[in-house]
Amino acid sequence: MGPNLVAIVALACMISVAMAEQVKTTNTSSSHHLPLPDGVSGAESLTFYGKDGIYTGVSNGHVLKWGGRAAGWSTFAYNANFRKLPLCSDSSVSPEEKESKCGRPLGVQFYRKTGELYIADAYFGLMKVGPNGGEAEVLAKEADGVPFHFVNGLAVDQATGDVYFTDSSLNYTRRFNLGIMISNDTTGRLLKYDAHTKHVTVLKADLPYPNGVALSRDSKHLVVAHTWPCQAFRYWLKGPMAGQYDLFAELPGYPDNVRPDNQGGFWVALNRERLQRAPVKKHLVGVRLNADGKEVEELTAVWDVTLSEVATFNGKLWLGSVELDYIGVLAI
């Protein structure tokens, strides 16, 4: 092989490696907006059931169902205080002021075998409602005798019905969650609700701001997002590493929910980029990680948009935000 041919082959290999490592960028600015009902915002997490059913917890403490353009939005689930406290139905009081009494549903996911919806309510704990909706029951409010303080992310094992969820802090509630980062709080917990014994087990304690959680496609491990310090970890459920907790990915921003990408990897929503000295040239709102934790795709948006969830359903990306009054829908 001559020297020129060697150089050409070497250059081709370098180009091939560079292309293999290139991260795809998807701009969400062209996404369709599905507006939430008037006076409601914050579709923090999304779940899907049936052919077209879309469900989300929102700022007024309800879980809403989208039944298509003809039916629109309706209330699917609520907690007992909406029956007991007039405050919870008083639209003159801001959601932030009453959420500790009226609830704030965050992570939501169905157990498809039964049609039951599990709800991680920041204040009421782990909850469940039947396939027809209505008043949700509280399944758990504490673990090992320690009350939950900020229940957040949630994932349901579709094989067993067990529920994995996070309690982000023992010291700060959702409304004052910024204190978790300011104080470097490390009292968060990763938990498991056993669907058969009805018992909650602490899988991992002393965690810094655990947030979203998702189950791997082979059910061997969980991926847990830590809003601070901008990382994702794996908790191994099976195999020789069972019980171990190891770093899965360093993230370019502050993560919220984690959801499977239907390709063996995960979508991680980002509330905002990491704080940097250099000017930020693009606004990241999500990243897709492959099964090994490598970033393979990023989502960008205009500067006033933040995301709390990126989920796939019916060939589309569904974009939830704890701050916005709509759900984004993007064809993929």
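Since the model is a prediction, treat every value here as computed from it, not as a measurement.
Smallest separation of non-hydrogen atoms from Leu270 and Pro252: CD1-CG, 4.0 Å. The heavy-atom pair separating Pro255 from Val268 by the smallest distance is CB-CG1, 3.6 Å. Between Asp246 and Met241 the shortest heavy-atom distance is OD2-CE, 3.7 Å. In terms of heavy-atom proximity, Ser45 sits nearest to Val108 at OG-N, 3.5 Å. The two residues Phe48 and Ala311 make their nearest non-hydrogen contact at CE1-CB, 3.8 Å. Heavy atoms only, all atoms of each residue included: Ser31 and His33 are closest at O-CD2, 3.5 Å.
Between Arg175 and Glu99, no side-chain nitrogen of the basic residue sits less than 4.0 Å from a carboxylate oxygen of the acidic one, so the salt-bridge criterion is not met. Under 4.0 Å is where a charged nitrogen must lie from a carboxylate oxygen, and between Arg288 and Glu295 no such pair does.
A donor and an acceptor atom, one from each side chain of Thr186 and Asp206, are nowhere located under 3.5 Å apart. At a cut-off of 3.5 Å, with distance as the only test, no side-chain donor of Thr47 or Tyr118 sits close to an acceptor on the other residue. A side-chain donor-acceptor contact under 3.5 Å links Asn262 and Thr312. Between the side chains of Glu298 and Thr25, a donor-acceptor pair is found at a separation under 3.5 Å. Ser92 and Asp90 form a side-chain donor-acceptor contact under 3.5 Å, judged by distance and modelled atom types alone. Checking Asp185 against Thr187 by side-chain atom types alone, a donor-acceptor pair falls below 3.5 Å.
Between His32 and Leu330, the closest side-chain pair of non-hydrogen atoms is not below 4.5 Å. You'll find the side chain of Leu190 reaches within 4.5 Å of the side chain of Leu222, heavy atoms only. For the pair Leu46 and Ile327, the minimum side-chain heavy-atom distance is below 4.5 Å. Within the 4.5 Å cutoff, side-chain heavy atoms of Glu44 are placed close to those of Asp256. For the pair Leu117/Gln109, no side-chain contact is recorded, criterion being any heavy-atom separation below 4.5 Å from C-beta on. Side-chain contact between Asn132 and Phe76 is absent, with no heavy atoms from C-beta onward closer than 4.5 Å. Leu289 places none of its side-chain heavy atoms less than 4.5 Å from the side chain of Val296. Using a 4.5 Å heavy-atom threshold, the side chains of Thr28 and Thr300 count as separate.
Distance alone, capped at 3.5 Å, places no donor-acceptor pair between the Asp157 side chain and the Gly161 backbone. Remark: the backbone N or O of Val40 is not paired with any side-chain donor or acceptor of Asn60 at under 3.5 angstrom. The main-chain N or O of Leu64 is never found under 3.5 Å from a side-chain atom of Thr56 such that the two would form a donor-acceptor pair. Under a 3.5 Å cut-off, the side chain of Trp228 and the backbone N or O of Leu178 do not form any donor-acceptor pair. Between the side chain of Asn81 and the main chain of Lys84, no donor-acceptor pair closer than 3.5 Å is present. Side chain of Asn27 to backbone of Ser30: no donor-acceptor contact under 3.5 angstrom is found. Using a distance-only test at 3.5 Å, with no hydrogens or angles considered, no donor-acceptor pair links the side chain of Arg189 to the main chain of Phe165. Between the side chain of Asn79 and the backbone N or O of Val138 there is no donor-acceptor pair closer than 3.5 Å. Under a 3.5 Å cut-off, the side chain of Asn290 and the backbone N or O of Asp292 do form a donor-acceptor pair.
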Before giving the answer on side chain to side chain donor-acceptor pair (under 3.5 Å), spell out for Asn171 and Ser169 the whole-Å C-alpha distance, their side-chain angles and the decisive distance to 0.1 Å. CA-CA 5 Å; Asn171 297 316; Ser169 171; 4.7 Å; no
Show your reasoning for whether salt bridge (charged side-chain N to carboxylate O under 4.0 Å, His left out) applies to Glu250 and Arg274. CA-CA 11 Å; Glu250 294 282 355; Arg274 280 178 181 260; 3.2 Å; yes
May I have the step-by-step check of side-chain contact (heavy atoms from CB on, under 4.5 Å) for Thr26 and Glu297, ending in yes or no? CA-CA 7 Å; Thr26 300; Glu297 186 172 355; 2.7 Å; yes
Take Trp267 and Leu299 through the side-chain contact (heavy atoms from CB on, under 4.5 Å) test and state the conclusion after the steps. CA-CA 10 Å; Trp267 277 110; Leu299 298 181; 3.6 Å; yes
Could you go step by step and tell me if Leu85 and Lys101 meet the side-chain contact (heavy atoms from CB on, under 4.5 Å) rule? CA-CA 9 Å; Leu85 301 178; Lys101 296 184 181 297; 4.2 Å; yes
Verdict with reasoning, Ser41 to Tyr326, per side chain to side chain donor-acceptor pair (under 3.5 Å): CA-CA 7 Å; Ser41 63; Tyr326 62 84; over 6 Å; no
Decide side chain to side chain donor-acceptor pair (under 3.5 Å) for Ser308 and Asn257; before the verdict, give the C-alpha distance in whole Å, the side-chain angles of both, and the deciding distance to 0.1 Å. CA-CA 6 Å; Ser308 55; Asn257 289 325; 4.8 Å; no
Please step through side-chain contact (heavy atoms from CB on, under 4.5 Å) for the pair Arg174 and Phe150, ending with a clear verdict. CA-CA 6 Å; Arg174 192 202 83 92; Phe150 179 5; 3.5 Å; yes
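With rounding to the nearest 0.5 Å, the separation of CG in Leu237 from NE2 in His221 is 9.0 Å. If you take NZ on Lys98 and OH on Tyr123, they are separated by 13.5 Å, rounding to the nearest 0.5 Å. Atom CG of Leu36 is separated from atom OG of Ser59 by 8.0 Å, given to the nearest 0.5 angstrom. How far CD of Gln231 is from CZ of Phe248: 13.0 Å, rounded to the nearest 0.5 Å. The line from CG of Leu191 to OG1 of Thr201 is 8.5 Å long, rounded to the nearest 0.5 Å. Separating the CZ atom in Phe313 from the CD1 atom in Ile332 is a distance of 12.0 Å, to the nearest 0.5 Å.
By the rule that hydrophobic residues join a cluster once side-chain heavy atoms approach within less than 4.5 Å of another member, Leu319 and Val302 end up as members of one cluster. Residues Val58 and Ile54 fall within the same hydrophobic cluster, defined by Ile, Leu, Val, Met, Phe, Trp and Tyr side chains chained together at heavy-atom separations under 4.5 Å. When hydrophobic clusters are built by joining Ile, Leu, Val, Met, Phe, Trp and Tyr residues whose side-chain heavy atoms come closer than 4.5 Å, directly or via intermediates, Val146 is not grouped with Tyr193.
For the side-chain contact (heavy atoms from CB on, under 4.5 Å) test with Tyr164, the passing option among Val224, Leu203, Val156, Leu154 is Leu203; the others fail. The only member of Asn177, Asn152, Thr166 that meets side chain to side chain donor-acceptor pair (under 3.5 Å) when paired with Tyr209 is Asn177.
Using cut-offs of 30° and 60° for the angle between ring planes, the Phe110 and Tyr55 rings count as perpendicular. Using bins of under 30°, 30° to 60° and over 60° for the plane-to-plane angle, the ring pair Tyr245/Phe233 lands in the parallel bin.
The salt bridge (Lys or Arg N to Asp or Glu O under 4.0 Å) pairs that include a residue from residues 111-124 are Glu116-Lys128, where partners are two or more places apart or lie in different chains.
Remark: Thr75 engages His62 in a side chain to side chain donor-acceptor pair (under 3.5 Å) (not counting sequence neighbours).
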